[in-house]
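Please read the structure below before turning to the comments.
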Amino acid sequence: MAQLSPALKQATPVLAERGEGVYLYDEAGRRHLDFTAGIGVTSTGHCHPRVVEAAQRQVATLIHGQYTTVMHRPLLRLTERLGDVLPDGLDSLFYMNSGSEAVEAAVRLARHVTGRHNIVVFQGGFHGRTMGAAALTTAGTKFRAGIGPVMPGAIVSPFPTAYRYGWDEEEATRFALRELDYALTTLVSPKDTAALLVEPVLGEGGYIPAPPAFLQGLRERADRHGLLLIVDEVQTGFGRTGRFWGHEHAGIRPDVVITAKGLASGFPLSAIAAPAALMEKAWPGSQGGTYGGNAVACAAALATLDVIQDEGLVDNAAEMGARLQDGLRKVAADHPQIGDVRGLGLMQASEFTGADGQPDPAAAQRAQKAAADRGLLLLTCGAAGNVVRFIPPLIVNAPQIDEALTLWAGCF
Ligand code: PMP
């Protein structure tokens, strides 16, 4: 008898049988409040009736219209609809299945467009596990330990992780931008550099929002040196941070946006968007894949956009995120081991720090496990695993936030 590889590590022992809204139900019929949302994927909640209906209808019509062989209407319709929510001018799209693939597609595009190979990333960033994306990932050595050599050309510059440095945001931002300038003077010439790649909120790296001045500083440097600014919105996109895109908090316009996760409510779908003038410089046939832009996933994404718009989920994420952060701060006030509470919208976290000022992963993991025992599903993140993150679906309401906070307060 075969068994599942132990290479797959699981955060909770739950064997999920069905999902409905913010809840998962296990085989014994126990209800779990799901504040993981499948790592920020099921933004419309589990099995939203409109997503289910759209997917079921599409399954009975056309499942796989392979997009380098034939074209299909759900993909064309989705492209049109995404044009309405993307930043002005990012009007050319390409689809894949996962975030990692989309990151690699963006790198491929940036290298074609510029004819240069280096990509500057920011320390603590997570961009995926495939070999190219892993080379760009510095959210923890575990993501690439023992698998190297990985893709060359990744240059790592500091992210303004203010809490870790013990500085305020302004000082951390000044430092990170100064170090980027120094890297572009000492490590790698802008003439050999294709792009800056950044997450608007460090996700796996510890739920650390990029200060607006940092993203604005990156935009300014990208313009000054003729680099592309690629924003990885895999976790922050589709309303998660209380704006449709995380970079909107900084008022900047990226050259390339990468999206996945919340895009299709759980169906594997990812995309990159860029100005047509850039996409036209990609070498013909350089992008593709067997399953990209699957018809059922595209139909689910169209329904996801309808739900986000009709139910006002972006505003709800802002409002419920503020309520959640406020409640997490109140819990932290009673528990000195929680050194920091931070986040944007429905991407919130509590960081555990020991009396010695060092990360305390054991305390974070104890709290995460105690929450799971009480029926509240949470995940950890951060390089040391000492950050507990809260990523409920965007449909979450005030009583559900309050229920989660009551459960959380009992976890210490
Ligand atoms: N980028 C970011 C910001 C992510 O959070 C993730 C997944 N956690 C990825 C890329 C990789 O996505 P996937 O797991 O779908 O390959």
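Numbering of ligands and ligand atoms starts at 1, following listing order.
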Numbered atoms of ligand 1 (with element) below 4.0 Å of [X], judged on heavy atoms:
{"X": "E199", "value": "3 (C)"}
{"X": "S100", "value": "11 (C), 12 (O), 13 (P), 16 (O)"}
{"X": "G128", "value": "11 (C)"}
{"X": "S98", "value": "15 (O), 16 (O)"}
{"X": "E204", "value": "8 (N)"}

Is it true that Y67 and Y95 have ring centroids separated by less than 6.0 Å? no
Is [Y] paired with [X] through a side-chain N to carboxylate O contact shorter than 4.0 Å?
{"X": "R221", "Y": "D181", "answer": "yes"}
{"X": "E199", "Y": "R240", "answer": "no"}
{"X": "E204", "Y": "R389", "answer": "yes"}

For T69 and Q66 the tightest heavy-atom approach is OG1-OE1, 2.6 Å
Tell me which protein heavy atom sits closest to [atom], plus the residue, atom name and distance to 0.1 Å.
{"atom": "atom 2 (C) of ligand 1", "answer": "F126 O, 3.4 Å"}
{"atom": "atom 1 (N) of ligand 1", "answer": "D232 OD2, 2.7 Å"}
{"atom": "atom 13 (P) of ligand 1", "answer": "G99 N, 3.5 Å"}
{"atom": "atom 5 (O) of ligand 1", "answer": "Q235 NE2, 2.8 Å"}

Test side chain to side chain contact (heavy atoms under 4.5 Å, CB included), reference L197, set L229, V120, V231, I230, output is I230
Indicate whether any N or O donor in one side chain lies under 3.5 Å from an N or O acceptor in the other, for E233 and T236.
yes
Which of R323, R329, K330 passes salt bridge (Lys or Arg N to Asp or Glu O under 4.0 Å) with D326? It is K330
Contact region, E101 to ligand 1, non-hydrogen atoms below 4.0 Å, reads neither
Within the 4.0 Å heavy-atom cut-off, what K261 brings close to ligand 1 is side chain
